[in-house]
Amino acid sequence: MGIIDIKNLHKVYTDTKIPVKAVNGIDLSFQEGEFTAIVGPSGSGKTTFLNMVGGLDTPTEGEIIIDGTNISHLKSRQLIDYRLNHIGFVFQAYNLIPVLTAIENVAFIMQLQGKSKKVRNKRAKELLDAVGIGDKINNRPGDLSGGQQQRVSVARALASKPKFILADEPTANLDSKSTSDLLDMMLKMNKESKITFIFSTHDQRVMDKARRIITIDDGLVVKDEKVDK
Amino acid sequence: MIWSISWRNVWRNKIRSLAIILAVTIGLFGGIFSYAFMMGMSVQRTNAAIEYEISNIQIHNPKFLLNEEINFTINNPNKLIPIIEKTPGVKAVCSRIKCPGMASTAITGTGVVINGINPESEKQVSKLYTKLTSGKYFEKGDKIPVVIGHKLAKKLKAKVGSKIVVTVANTKGIITYGAYIVIGIYKTGNDSFDEVNIFVESEGFSKLISFDKNKTSEIAILLNNNDDTKKVADLLNIKLKNETTEKNITIETWEQIQPTLNAMTSMMDIMSYIFLIIILIALAFGIVNTMLMVVMERVRELGMLMAIGMNHKKVFSMIMLETIFLSIIGGIFGIVISIFIVNYFNVHGIDLAVVGEGFNSLGYSSIVYLQANNVFYIEAAILVVITAIISSIYPALKALKLNPAEAVREEA
Ligand SMILES: Nc1ncnc2c1ncn2[C@@H]1O[C@H](COP(=O)(O)OP(=O)(O)OP(=O)(O)O)[C@@H](O)[C@H]1O
Ligand SMILES: [Mg+2]
């Protein structure tokens with residue numbers, strides 16, 4: 001039993017003219033403390049898979065059990081609460097609230113969780129220090145580079161103390177320097193705080209940092225390899 | 001933090017927000033201005049009617065009210081008037097001999113109402129003497145003086161100093177003639193009043209028509225405070241009937257004498273609200289449209305917020321608050337601007353000289369002094385905010401319909 005157990009996962013999009021089978025029966029298990037890359041060609045179903053694991057989308061068939069909770073049957077309102085308290089997200093773009101500063105963005109998610117102002121600000125500051133932009137906490141996203149924005153996103157994802165962090169192509173909009181800096185930072189967090197990271201990527205250099213690489217094609221897992229480092 | 005996000009979101013697209021704020025400001029101002037204008041007009045009309053024409057309360061023989069005939073009189077005014085004067089709230093009292101007649105010059109003649117007055121007591125009750133456009137009011141030593149309205153003067157082609165012959169049936173029904181010299185011409189702003197009412201001294205006039213000194217046609221009463229009109233009228237009714245033997249009298253307030261005055265005021269009141277509602281409906285469409293644009297523009301951001309765990313209630317409040325902020329800012333501007341402009345024109349008046357003729361013939365002054373009570377300001381402001389809240393419900397619900405998975409997937 002892992003932190004996430006996925007059984008016979010299927011997703012068919014039916015809102016199109018011809019139904020699209022995006023995920024066709026995935027069985028997987030993730031353990032606590034993993035640093036895993038999901039790779040595969042465009043259209044292979046990576047985003048669809050991650051969205052279901054993150055509770056943003058509901059499976060057509062199959063089950064996702066997170067820490068003993070089957071989230072495949074939760075209602076959309078229940079899922080919102082579940083996501084808030086158990087899952088951290090980093091997206092490719094449009095990640096942050098543009099009108100809030102870095103520290104406010106990080107504190108915001110803790111406010112949604114009902115944490116006190118003192119706790120929020122203290123933890124937000126610590127996390128921003130930890131992701132390496134402690135000197136830019138009062139900048140708004142528009143005044144930060146893409147790499148810095150993704151660092152704030154990681155800090156925000158960590159702030160809610162989730163069971164794991166999902167990141168769909170977090171580096172797709174970044175240059176190679178920022179990409180490798182961000183990955184190093186994530187890896188450091190993973191090592192130091194045992195945070196589980198699951199991210200999708202097209203980028204070979206990102207895959208090279210992962211310690212488990214799951215390859216998906218046509219909605220099926222075609223390769224699942226552990227990399228020893 | 002939702003409050004501060006909403007507040008900051010207001011300023012993300014400054015031009016669009018300012019456009020909405022301006023729309024609220026102008027809409028509110030338009031509503032308040034038109035209200036203040038109509039209120040000013042009707043309050044002025046009412047005040048003018050009280051000050052120059054009716055006073056607060058009048059007493060007549062009930063038959064006189066049906067037919068303004070010289071023989072339908074009140075008996076013993078000398079006994080009634082002291083009682084009235086002693087009644088609390090009464091400022092001044094005067095009596096008038098009133099009858100229909102004909103005024104003519106060498107050129108033409110026309111029907112008039114002759115008011116036989118005692119200039120001294122008349123001045124205490126009616127401010128008509130302040131409304132002379134040429135000549136002067138009655139003074140001791142004037143010979144056969146008459147004061148006429150500007151409209152009548154024009155009709156008769158009379159000027160100060162002109163001779164006017166008044167033809168009238170005396171108390172015995174015999175036609176008599178009296179010659180008068182115009183000493184003053186007045187203009188109250190109500191042309192229909194100015195056209196028919198002429199004023200002569202009761203002293204000489206009563207002799208001309210053999211009118212009994214112990215009688216009068218009309219007693220006019222001015223009060224200290226118009227709000228007491230009803231109360232004082234009721235009191236007089238009891239007092240005069242208890243303390244005198246005079247049963248043949250009818251006491252009426254200005255509202256009873258000219259019910260149209262109040263009807264016009266209520267109509268203008270209703271019209272102001274209708275106008276305000278029309279403005280608010282237009283505003284609502286503007287707000288719905290703008291907020292839908294806002295939601296469409298922020299699909300990804302809203303999707304992201306729901307993805308990370310912002311629940312429906314909070315997303316909904318965030319959009320609503322943004323609209324409420326917009327409308328409150330516009331509302332404050334609208335109220336402040338309205339207060340300034342209404343107060344300015346409350347003092348200086350808006351001169352409608354160009355169209356004034358038409359207003360005067362309807363009895364309305366051509367200079368309108370704007371007037372609005374605080375209640376209307378508050379009501380208008382509250383209505384604007386309620387409108388904003390109602391019109392942001394649909395856009396906010398639209399935001400909740402977003403599917404976060406789809407929203408974050410949308411391409412840049
Ligand atoms: N909302 C949708 N409705 C219909 N089909 C969809 C929808 N979303 C995705 N698809 C289809 O599902 C399949 C899997 O898409 P998905 O986005 O999961 O792939 P991906 O591996 O993330 O691709 P990429 O690397 O380009 O991001 C594709 O064929 C895609 O066109
Ligand atoms: Mg994808």
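These figures come from a predicted structure and were not determined experimentally. By convention in this document, chain letters (A, B, ...) are assigned in the order of the sequence lines, proteins followed by strands, and residues within each chain are numbered from 1.
Under the 4.5 Å side-chain criterion, counting only non-hydrogen atoms from C-beta, L100(A) is in contact with R8(B). Residues M1(B) and L112(A) have side chains not in contact (no heavy-atom distance under 4.5 Å, counting atoms from C-beta outward). The shortest side-chain heavy-atom distance between F108(A) and L305(B) falls under the 4.5 Å cut-off.
Residues V99(A) and R12(B) approach most closely at CG1-CD, 3.4 Å, considering heavy atoms. Counting all heavy atoms, side chain and backbone alike, P404(B) lies closest to L56(A) at CB-CD2, 4.1 Å. Taking every heavy atom of both residues into account, I308(B) and I109(A) meet most closely at O-CD1, 3.8 Å.
Atom-to-atom distance recorded for I5(B):CD1 and E104(A):CD is 8.5 Å, nearest 0.5 angstrom. Note: N51(A) CG to E406(B) CD = 9.0 Å, rounded to the nearest 0.5 Å. Once rounded to the nearest 0.5 Å, the distance linking CD1 of I97(A) with CG of L302(B) reads 10.0 Å. Considering CD1 of I80(A) and CE of M310(B), their distance stands at 10.0 Å, rounded to 0.5 Å.
Of the listed residues P98(A), S160(A), G54(A), the one with more heavy-atom pairs under 4.5 angstrom with chain B than any other is P98(A). For chain B, the option among D168(A), N173(A), N95(A) with the highest count of heavy-atom pairs below 4.5 Å is N95(A).
Within a 6.0 Å sphere centred on OH of Y394(B), heavy atoms belonging to other residues, nucleotides or ligands number 12 at most. With a 6.0 Å radius and a threshold of 12 heavy atoms from other residues, nucleotides or ligands, K7(A) has its NZ atom at or below the threshold. Annotation: F333(B), atom CZ; neighbour count of heavy atoms from other residues, nucleotides and ligands within 6.0 Å does not exceed 12. Shown here is W11(B), whose CH2 atom has more than 12 heavy atoms of other residues, nucleotides or ligands within 6.0 Å.
When atom types are taken as modelled, the side chain of R83(A) and the backbone of A307(B) share a donor-acceptor pair closer than 3.5 angstrom.
When heavy atoms are compared at a cutoff of 4.5 Å, T48(A) approaches chain B by way of both its backbone and its side chain. Using a 4.5 Å cut-off between heavy atoms, L96(A) contacts chain B through its backbone alone, with no side-chain atom that close. Contact of Q113(A) with chain B is not made at all, since no heavy-atom distance falls under 4.5 Å.
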